[in-house]
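Each chain gets a letter, A, B and so on, in the order the sequences are listed, and its residues count up from 1. On a predicted model such as this, the values are computed, not experimentally measured, just so you know.
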4 protein chains.
Amino acid sequence: MRADARRNRARVLAAAEAVFQEAGAAATTEQIARRAGVGIGTVFRHFPTKSDLLHAIITDSLERLTVRVTELESHGDPATAFYDFFTELVRQAGEKHGVMALLAQTGEAPAVHKPIDAWRATVERLLARAQAAGAVRPDVGGDDVLALLLGLCQTAVTTGWDDTRCRAVLRVVFDGLAARH
Amino acid sequence: MRADARRNRARVLAAAEAVFQEAGAAATTEQIARRAGVGIGTVFRHFPTKSDLLHAIITDSLERLTVRVTELESHGDPATAFYDFFTELVRQAGEKHGVMALLAQTGEAPAVHKPIDAWRATVERLLARAQAAGAVRPDVGGDDVLALLLGLCQTAVTTGWDDTRCRAVLRVVFDGLAARH
Amino acid sequence: MRADARRNRARVLAAAEAVFQEAGAAATTEQIARRAGVGIGTVFRHFPTKSDLLHAIITDSLERLTVRVTELESHGDPATAFYDFFTELVRQAGEKHGVMALLAQTGEAPAVHKPIDAWRATVERLLARAQAAGAVRPDVGGDDVLALLLGLCQTAVTTGWDDTRCRAVLRVVFDGLAARH
Amino acid sequence: MRADARRNRARVLAAAEAVFQEAGAAATTEQIARRAGVGIGTVFRHFPTKSDLLHAIITDSLERLTVRVTELESHGDPATAFYDFFTELVRQAGEKHGVMALLAQTGEAPAVHKPIDAWRATVERLLARAQAAGAVRPDVGGDDVLALLLGLCQTAVTTGWDDTRCRAVLRVVFDGLAARH
DNA sequence: TATGAATGAGGGTTCATTCAT
DNA sequence: AATGAATGAACCCTCATTCAT
């Protein structure tokens, strides 16, 4: 029965991500339950609060991202790793629409600070290596990079960037990141 | 009593901006009324729909921005005008928190397309002049600039940038915008 | 100034009748004011309560009807007077739509009992004469006739009878009223 | 829990009928909930809109009436069936006060056209048989009969007829319906 | 006196959360 | 453990009524 429960938890999580993506911040718990193919009671058994669900989604996403960073680090040179990661993230941003909206709307942002901090460390390592390799100017900090990253992701998400727009914007930002004072 | 009414309308508008800023998109009409020091009926007399209120705030803000652009254009050289405007906007973004969030997440965006479009034209003129003066690379379009602008504003707003952060991020973006090939 | 006031009172009354007719029970006091071409404050100066307005409309209508009965009585024979009045009333019923609806919906019905009672006496006299002339069966009372009258008026109003329907239904009822035991 | 739900649905329906009857069209959803002994949310779970609730009551009532017609048809001769049905309906009308009022005054009528049409066919069959048996004059149509029926029901309902009044009015109408030439 | 802006109780409806099955 | 019906606080909005001008 533990196996069933775990599968349900995963299903709900996936459904929540999908529904937030489609319906935005207005997504209801019932929509999520329906999409997951479970009763609404089951959603609440696993995530006693909508906030918990949100928290879980974020944590989950960040964990996957951390794995991805590690992968990139081990496969390529620091510069490529850094820029590829950045690009990938902005491109994928579209998938996080509703979650971001909800985060912005509820006072939940503090609740996800911990997972974000964990992830931040990873990103900072990525940046440090790229800087050590001379691929990124030395006068930007991890927070600046994260700020840029978040900003572009949010807008990508909000205004629905296509590939051309992505490329154009990233070219500017990357040139800026690579610039010597 | 026309005078009173006008004063109240302004009060409500200001209160709405403030409350959206503090409470995010979840702000209640009642909170706004309370903050404005009027009854809830008064809010609805002036803005029959929450959406109308939102629309009014956006229009109002964009109008002020347009005025500002014109000012900058007439006082300085194209490069300074462009970069100052960009900077100013991102800095002020913090004051528009809730509104931006609302814009980004509700289905209300279409309702404000007209003021946004009007404003876009103004920004494009600013850019064109800066490019003609050689202060901005020629391979970025108005939409790219707006995308960057919106992205940074949103994040500034969402994550509460202070001045230092603003400066750091803008330095990177400006270097990117100024970069040759 | 008294003349202005009286004219306004009449205007409001007429507007109210018209608006109730068009908008039904959902008519707002503001619609009435607008239609009367006065401010909403003026409506309330003359009729401190919506209920008062309703009451005034009913009283007004019933007074006009009483006048009409007297006219018919003095001009024709009792049978014609009775049947013409009945016919006329049902035909005109369409004009009372909203008022009837409001009466039915609010608990105001008791408030108009007095004017109705006054009118009832008039109708009963009409009936008595028609019965004395042998034109209406003797075993129906004034209340029965009023009940029939009201029933047909209401339905005429509610379901929008045309002339053909009016005629067909009245033929049946008149035959019933004329029938010997 | 399907059983509980069904019981609650029925309770709400019954409560709604009762409350509409007492409070008229102005009946509040909360009054209904209170009367049904359930939370307001339950009312909305079963009838997502006040209009839906209305629709359900009408449909329900008409269905019961259709059943009753069929019963009468199979048990007695056409004349008795017709007149008994007519009598029964007007007598029961007192129990449908609010619903009739609602039907008569809101824009909801269109929503219940289908059940009404179905029922009309039934009544027309009843009439046709009574006419074939010579119990009803041949020059009245189904619509005329329905008009009379509705008118009497509405008034019965609006003005609270007792049995004596019912009998007196119906005697007149029945004589009219039976009249030759 | 006339005006119309301001008021706020109250209505319909939604949805996170609880709880009986 | 899973279900989904029940709950009710809270939301947006309306409109009769009041009151400052």
Side-chain angles (χ1 to χ4, degrees), chain A residues 1-6 8-9 12 26-34 37-53, chain B residues 1-9 12 26-33 36-53, chain C residues 1-2 4-5 8 26-34 36-53 106, chain D residues 1-9 12 26-33 36-53:
Chain A
M1 216 43 47
R2 186 55 50 84
D4 266 38
R6 213 167 320 151
N8 270 346
R9 204 195 114 99
V12 169
T28 17
T29 311
E30 266 204 32
Q31 286 176 60
I32 294 170
R34 207 152 41 230
V38 303
I40 194 180
T42 303
V43 175
F44 276 89
R45 164 168 295 273
H46 290 292
F47 307 95
T49 275
K50 211 180 181 183
S51 177
D52 292 332
L53 184 50
Chain B
M1 191 158 288
R2 190 52 49 80
D4 269 41
R6 214 168 317 153
R7 184 160 58 249
N8 270 343
R9 202 196 118 100
V12 169
T28 297
T29 309
E30 263 203 23
Q31 284 175 64
I32 293 170
V38 302
I40 195 179
T42 302
V43 176
F44 278 95
R45 165 173 282 266
H46 289 292
F47 308 95
T49 280
K50 211 182 181 183
S51 178
D52 291 333
L53 186 49
Chain C
M1 215 49 37
R2 187 56 51 82
D4 267 38
N8 270 345
T28 1
T29 310
E30 266 204 29
Q31 284 175 62
I32 293 170
R34 207 152 41 230
V38 303
I40 193 179
T42 302
V43 174
F44 275 90
R45 163 168 297 271
H46 289 292
F47 307 95
T49 275
K50 210 180 181 185
S51 177
D52 291 331
L53 184 50
T106 66
Chain D
M1 191 157 289
R2 190 52 51 82
D4 269 41
R6 215 168 317 154
R7 184 161 58 248
N8 269 344
R9 202 197 117 99
V12 169
T28 296
T29 309
E30 262 202 26
Q31 284 175 62
I32 294 170
V38 302
I40 196 180
T42 302
V43 175
F44 277 93
R45 165 173 283 266
H46 290 293
F47 307 95
T49 279
K50 211 183 182 184
S51 177
D52 290 333
L53 185 48

Watson-Crick or G-U stems involving DNA chain E, each at least 3 pairs long, distances under 3.5 Å, ordered by first number:
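If one scans DNA chain E for consecutive Watson-Crick or G-U pairs, the stems found are E:2-21 with F:2-21.
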
In whole Å, I'd like the distance from the [atom1] atom of [X] to the [atom2] atom of [N].
X       : N      : atom1 : atom2 : answer
C:Ile32 : F:dC15 : CD1   : P     : 12 Å
C:Arg34 : F:dA16 : CZ    : P     : 12 Å
A:Asp52 : E:dT17 : CG    : P     : 9 Å
D:Phe47 : F:dA6  : CZ    : P     : 11 Å
D:Arg7  : F:dA5  : CZ    : P     : 14 Å
B:Asp4  : E:dT3  : CG    : C1'   : 13 Å
D:Glu30 : F:dC11 : CD    : C1'   : 14 Å
B:Arg6  : E:dG4  : CZ    : P     : 15 Å

Does [X] have a side-chain nitrogen or oxygen under 4.0 Å from the phosphate oxygens OP1 or OP2 of [N]?
X       : N      : answer
A:Thr28 : E:dC15 : no
A:Asn8  : F:dA1  : no
C:Thr29 : F:dA16 : yes
C:His46 : E:dT1  : no

Go nucleotide by nucleotide along DNA chain E from the 5' end; which of D:Gln31 and B:Val43 gets its closest nucleotide reached first?
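Nearer the 5' end of the strand: B:Val43.
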
Assuming nearest nucleotide by heavy-atom distance, tell me which of A:Ile40 and B:Arg45 is located more 5' along DNA chain E.
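Checking each residue's closest nucleotide, the 5'-ward one belongs to B:Arg45.
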
Please work out if B:Thr42 contacts a base, only the sugar-phosphate, or nothing of the nucleic acid, heavy-atom cut-off 4.0 Å.
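Touches a base.
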
Considering every strand and a 4.0 Å limit on heavy-atom distances, what is the contact class for A:Ala26: base, sugar-phosphate, or nothing?
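Answer is nothing: A:Ala26 stays at 4.0 Å or more from every strand.
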
Under the rule for side chain to side chain donor-acceptor pair (under 3.5 Å), what residues qualify as partners of A:Thr28, not counting sequence neighbours?
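A:Thr28 satisfies side chain to side chain donor-acceptor pair (under 3.5 Å) with A:Gln31 only.
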
Restricting to non-hydrogen atoms, name the atom on B:Ile32 and the atom on B:Val12 that form the minimum distance, rounded to 0.1 Å.
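The answer is CG2-O, 4.1 Å.
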
How close do C:Asp52 and C:Pro48 get, heavy atom to heavy atom, and via which atoms?
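The pair with the smallest heavy-atom distance is OD2-CD, 3.3 Å.
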
Checking C:Arg34 now: which residues fulfil salt bridge (charged side-chain N to carboxylate O under 4.0 Å, His left out) with it, not counting sequence neighbours?
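By the salt bridge (charged side-chain N to carboxylate O under 4.0 Å, His left out) rule, C:Arg34 matches C:Glu30.
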
Between D:Arg9 and C:Pro48, which residue's closest nucleotide on DNA chain F lies nearer the 5′ terminus?
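Result: D:Arg9.
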
What's the closest nucleotide to the C:Phe44 side chain, out of E:dT18, F:dC13, F:dA16?
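Selected nucleotide (nearest to the side chain): F:dA16.
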
Nearest-nucleotide pick for A:Val38, side chain only, options being F:dT3, F:dA16, E:dA6:
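Given the options F:dT3, F:dA16, E:dA6, the side chain of A:Val38 is closest to F:dT3.
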
As an exercise, state the distance from CZ of A:Arg9 to NE2 of A:His46, rounded to the nearest 0.5 Å.
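Rounded to the nearest 0.5 Å, the CZ-NE2 separation comes to 8.0 Å.
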
Can you name the residues that form a side chain to side chain contact (heavy atoms under 4.5 Å, CB included) with B:Phe44, not counting sequence neighbours?
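Side chain to side chain contact (heavy atoms under 4.5 Å, CB included) list for B:Phe44, sorted by chain: B:Thr29, B:Ile40.
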
